[in-house]
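The structure under discussion appears below in the form of structure tokens.
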Amino acid sequence: MNATPPDGSPIDAAFVRRWLDTAATVVEREAAALTELDSPIGDADHGTNMRRGFVAARTAVEQEPPDTPGAVLVAVGRQLISTVGGASGPLYGTLLRRAGKQLGDEPAVSAAQFRDALRAGVDGVAQLGGAAPGDKTMLDALFPAVDAMSKALDGGSGTADALAAAAAAADEGAVATTPLRARKGRASYLGERSIGHQDPGATSAALLVTAFADTAREAGA
Amino acid sequence: MNATPPDGSPIDAAFVRRWLDTAATVVEREAAALTELDSPIGDADHGTNMRRGFVAARTAVEQEPPDTPGAVLVAVGRQLISTVGGASGPLYGTLLRRAGKQLGDEPAVSAAQFRDALRAGVDGVAQLGGAAPGDKTMLDALFPAVDAMSKALDGGSGTADALAAAAAAADEGAVATTPLRARKGRASYLGERSIGHQDPGATSAALLVTAFADTAREAGA
Amino acid sequence: MKMLINVPETVVADALRGIAAAHPDLVVDVEHRVIVRKGAPFEGKVGLVSGGGSGHEPLHGGFVGRGMLTAACPGEVFTSPVPDQMARAAAAVDSGAGVLFIVKNYTGDVLNFDMAAELAEDEGVQIAKVLVNDDVAVVDSLYTAGRRGTGATLFVEKIAGAAAEEGAPLDRVAALARQVNESSRSFGVALTACSTPAKGGPTFDLPDGELELGIGIHGEPGRERRPMMTSGEIADFSVDAILEDLRPDAPVLALVNGMGATPLLELYGFAAEVHRVLAERKVPVARTLVGNYVTSLDMAGCSVTLCQADEELLRLYDAPVETPGLSWGN
Amino acid sequence: MKMLINVPETVVADALRGIAAAHPDLVVDVEHRVIVRKGAPFEGKVGLVSGGGSGHEPLHGGFVGRGMLTAACPGEVFTSPVPDQMARAAAAVDSGAGVLFIVKNYTGDVLNFDMAAELAEDEGVQIAKVLVNDDVAVVDSLYTAGRRGTGATLFVEKIAGAAAEEGAPLDRVAALARQVNESSRSFGVALTACSTPAKGGPTFDLPDGELELGIGIHGEPGRERRPMMTSGEIADFSVDAILEDLRPDAPVLALVNGMGATPLLELYGFAAEVHRVLAERKVPVARTLVGNYVTSLDMAGCSVTLCQADEELLRLYDAPVETPGLSWGN
Ligand SMILES: Nc1ncnc2c1ncn2[C@@H]1O[C@H](COP(=O)(O)OP(=O)(O)O)[C@@H](O)[C@H]1O
Ligand SMILES: Nc1ncnc2c1ncn2[C@@H]1O[C@H](COP(=O)(O)OP(=O)(O)O)[C@@H](O)[C@H]1O
Ligand SMILES: [Mg+2]
Ligand SMILES: [Mg+2]
Ligand SMILES: [Mg+2]
Ligand SMILES: [Mg+2]
């Protein structure tokens with residue numbers, strides 16, 4: 001396995017598995033905070049949902065480690081669909097499955113290929129959930145992340161820098177959901193009262209993107 | 001009607017009706033406190049129960065005022081039985097009905113006759129409820145009240161003084177229930193934990209006896 | 001404490017109007033506080049009358065109907081009804097075959113039903129009485145008013161009701177009711193106190209980390225307070241408290257009862273633990289009923305009732321019943 | 001917040017074990033979280049599958065049985081079930097006559113049931129879906145995920161269940177289910193927030209003198225907070241909110257539903273007020289159901305659902321049903 005790929009090197013199965021590890025750890029740590037965010041404008045389960053899904057995904061992937069980055073993403077996506085429930089299960093499941101499928105059977109892919117896969121996944125989320133940017137959903141972190149990654153790659157950044165840019169944009173996007181009025185998901189029932197609270201799904205999306213950036217940084221990718 | 005009988009004068013229907021008025025007013029005023037006493041060692045209804053009964057009794061007696069002291073007591077007792085429910089309804093109802101029956105058809109009775117009637121009523125309560133002194137019930141106010149009244153009358157007191165002695169003894173008796181462990185009624189379920197609380201029924205009994213004393217004092221009886 | 005009421009004074013009357021609106025098979029006398037099964041009296045059949053303080057719904061009004069009670073008399077909240085109610089109910093349901101009074105063993109209920117029996121007998125109605133006293137939390141009966149009547153009331157009303165429906169005579173219905181009571185034991189636990197409309201707040205203080213073991217159904221505190229326990233621990237404690245007093249030699253009917261505010265989701269989980277304990281103690285379970293049947297307003301908590309049931313009791317328990325609160329096999 | 005549980009993680013599995021213990025007429029797959037009516041599939045009959053987050057009991061598991069659901073899929077507390085559950089349930093109940101999915105309109109439920117339908121159709125099961133969206137508190141559907149599914153779910157499951165029991169084909173059962181949904185509106189009110197096991201405390205703050213108008217059944221806050229109102233005022237507000245949207249031209253079925261912790265005594269009093277308002281608004285009431293049917297864990301509060309019912313809906317509503325949570329006329 002390619003434990004420490006050189007800067008700019010391709011993204012392989014081991015990389016995605018390290019991401020899964022990091023993401024699962026972060027979700028575990030932030031679960032209570034995510035549930036807390038889901039209390040005033042939701043039903044107080046987002047952290048529990050995400051934790052359940054990532055525990056299951058990590059276990060499944062550890063037991064039968066797929067050997068392409070695409071297959072790992074598909075496996076994680078399938079686990080999320082089968083264990084999370086709620087809105088976030090099918091949405092995150094679709095994000096990762098679409099991204100994984102887009103990567104095909106390649107044993108390793110470039111940052112640009114990875115960006116294209118993420119874009120396919122994010123488009124899948126938008127299509128499935130019918131939400132648009134500004135609706136106060138996870139898309140408000142995901143769209144900016146893909147855009148920032150694109151921009152960085154176009155400007156010549158390596159994988160790690162491009163993913164770091166994506167993470168920063170996702171974070172910003174999540175924070176920027178606070179003043180928005182929700183139009184999709186459970187928070188939309190609150191109407192005006194959804195204003196002033198950060199969206200839990202956008203927050204978890206930023207965590208997942210940041211986990212990619214951290215994985216790349218630690219790998220020196 | 002005999003609005004202000006002279007000292008030592010007989011107890012008539014008007015006297016008992018003034019007592020009813022005073023008692024109803026006091027019960028109204030103390031209802032919340034009685035319910036409060038019934039919370040830690042009961043079911044938090046004694047004040048409401050007593051109020052409901054005395055409102056009904058006052059209304060009934062005002063609508064059709066009986067013309068002997070015995071008949072007034074019987075009417076009040078019947079109203080309590082028909083409107084209070086709980087343990088205190090039948091017990092206080094029996095107290096007053098027995099006392100009233102003991103007075104017979106006399107248009108006016110002496111303090112000694114009245115004392116005998118009260119004793120008959122209290123015996124009726126003991127018989128119906130099966131409680132003994134020291135069981136932490138209304139009897140712990142009622143028995144001392146009758147005894148003190150007897151003693152005062154034997155010592156030559158007039159009606160007002162004898163009833164004042166009864167009231168003082170009832171009060172003392174009620175206060176003295178605090179350290180007792182309940183053996184009857186709802187408080188008995190608490191076992192040791194009933195210790196340290198004053199019995200609500202003993203407290204209301206003291207209020208009713210005190211209302212007799214106040215009626216006599218105001219009448220200058 | 002917020003409540004879904006108008007004013008405390010009209011809570012019982014308001015509820016009776018609602019019962020009348022919802023249940024055309026019941027004849028509700030709101031003024032005199034009597035709920036009678038439509039069509040009563042039933043020729044040749046024993047009438048079953050129960051009653052008690054309000055706040056335990058669906059007990060007793062919700063158990064009026066075919067195969068269970070013929071009439072119920074609701075008192076004020078947690079206050080036994082007055083004799084006039086039961087006397088009126090007895091007159092309404094007596095077909096000449098007599099009337100059974102089902103009385104939970106509380107001083108107030110006992111005294112008021114006794115007085116009612118006198119009134120009814122004066123009117124020529126034959127009355128039998130059964131006293132329900134199943135609560136093992138009340139120990140030391142020399143020093144108490146005796147065991148309280150709690151969850152077993154449901155079994156008594158169901159089984160005696162089935163016998164009456166079949167046309168059993170008064171002495172047989174009464175004997176069955178007594179057998180059910182003697183074969184039943186209960187134990188209850190509170191996680192919170194309940195709030196009565198009259199008091200407007202909790203009837204006792206129960207700090208967040210503690211529970212009350214051995215509570216009744218009137219918002220009375222229990223016999224013992226302990227640090228909070230798990231569902232499994234509560235099942236162990238409750239079932240063992242019962243089995244210390246009753247060693248069943250026949251399969252039991254199990255009632256896993258909610259006190260009012262405990263979600264059904266939790267009650268079912270608790271029922272699983274009760275089954276686990278009974279299996280460990282080698283007590284076979286014939287039937288299990290899970291739900292809010294004998295409640296204590298908005299108290300969070302639960303009680304367990306076990307009734308050892310011979311074949312005849314089991315048959316009568318399974319017999320059809322159609323009431324607002326219990327309905328099956330029709 | 002004290003709960004009658006072991007640990008938050010096992011709450012749903014524990015409850016499923018309890019349901020299995022209490023209801024021998026249900027086949028409970030605890031591992032895969034599917035509750036199926038014993039004997040399914042039923043030759044020639046459409047299967048009815050519903051499901052949703054746990055915490056709304058008896059919905060949905062308590063409505064599995066003769067004349068109502070054929071299977072139910074409970075998710076985690078307040079979290080829609082996963083597609084695997086519904087696909088498994090569909091396979092278990094399909095007799096070849098097809099399966100109706102009854103889905104409450106929440107993003108999570110819709111997405112997961114959609115995925116399940118794809119899985120089931122891949123296995124050759126014919127699937128129809130009905131979306132329940134009766135909650136008039138959600139206005140402005142351009143700016144929301146659309147109206148939530150709440151109390152009307154009971155009417156949909158009852159009436160579609162009766163039609164399926166009679167052997168109606170899938171398109172007819174689905175059409176009836178849609179008609180019931182379109183004829184139904186609900187409005188709910190919370191006096192307290194509920195506490196989820198995972199959070200361990202209330203999901204929002206509701207001060208003592210205030211109530212939330214227009215709440216859902218997931219512990220979400222409502223659309224508006226007001227100073228506490230009386231039962232009569234709440235009835236006026238709720239019924240008027242419904243009638244603004246639905247002017248019934250036929251007698252209505254009325255569901256006066258408790259959110260979990262409100263005593264039945266109070267619910268009946270509220271039912272009387274709902275009847276008063278409907279009489280004032282000249283809306284005739286055909287049937288009234290009062291109780292805890294579509295709950296929100298330990299939330300105190302209530303909801304009103306009205307369904308305008310033509311003769312066919314009324315006949316199917318009255319048809320026999322025998323489930324743990326709803327049973328009559330058998
Ligand atoms: N239609 C949608 N499109 C995209 N994201 C959505 C949509 N609906 C909800 N979400 C996201 O899902 C998050 C909530 O997830 P979660 O709490 O796990 O599910 P649920 O709302 O079913 O309880 C929201 O914060 C939001 O970001
Ligand atoms: N067996 C008894 N004998 C005498 N007094 C009793 C007996 N049982 C209860 N009481 C009195 O009744 C009081 C309680 O009355 P109340 O609260 O109105 O009725 P309940 O206990 O039915 O709620 C007790 O405080 C006690 O003084
Ligand atoms: Mg959520
Ligand atoms: Mg009391
Ligand atoms: Mg009482
Ligand atoms: Mg959810």
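What you are looking at is a predicted structure, and each value in this text was computed from that prediction instead of being measured. Quick note on labels: first sequence line is chain A, next is B, and so on, each numbered from 1. Below, all heavy atoms of this structure are taken into account, side chains as well, without hydrogens, waters or symmetry copies.
- With a threshold of 4.5 angstrom between heavy atoms, C:Pro320 does not approach chain D through any atom at all.
- With respect to chain D, the highest number of heavy-atom pairs below 4.5 Å among C:Leu4, C:Thr288, C:Leu326, C:Val285 belongs to C:Leu4.
- At a 4.5 Å heavy-atom cutoff, D:Pro74 makes no contact with chain C through either its backbone or its side chain.
- Of the two parts of C:Met299, neither the backbone nor the side chain holds a non-hydrogen atom closer than 4.5 Å to a non-hydrogen atom of chain D.
- At a 4.5 Å heavy-atom cutoff, C:His56 makes no contact with chain D through either its backbone or its side chain.
- Remark: D:Glu210 does not engage C:Lys2 in a salt bridge, criterion side-chain N to carboxylate O under 4.0 Å.
- In this structure, no portion of C:Val189 lies under 4.5 Å from any heavy atom of chain D.
- Of the listed residues C:Cys194, C:Ala271, C:Pro197, C:Ala21, the one with more heavy-atom pairs under 4.5 angstrom with chain D than any other is C:Ala21.
- Contact annotation for C:Leu206: both backbone and side-chain heavy atoms come within less than 4.5 Å of a heavy atom of chain D.
- Heavy atoms closer than 4.5 Å to chain D are found in the side chain of C:Met228, but not in its backbone.
- Of residues 6-15 of chain C, those residues with a non-hydrogen atom less than 4.5 Å from any non-hydrogen atom of chain D are, in numerical order, C:Asn6, C:Val11, C:Asp14, C:Ala15.
- With a threshold of 4.5 angstrom between heavy atoms, C:Ala22 approaches chain D through its backbone and through its side chain.
- When the heavy atoms of residues 260-268 of chain D are compared with those of chain C, the residues falling under 4.5 Å are D:Gly260, D:Ala261, D:Thr262, D:Pro263, D:Leu264, D:Leu265, D:Glu266, D:Leu267, D:Tyr268, listed by number.
- Between D:Gly18 and C:Ala272 the shortest heavy-atom distance is N-CB, 3.5 Å.
- Proximity to chain D (any heavy atom under 4.5 Å) is restricted, for C:Ile234, to the side chain, taken from C-beta onward.
- Between chain D and the residues C:Arg287, C:Glu273, C:Met1, the most heavy-atom pairs under 4.5 angstrom are made by C:Glu273.
- Taken to the nearest 0.5 Å, the CZ atom of D:Arg17 stands 11.0 Å off from the NE2 atom of C:His275.
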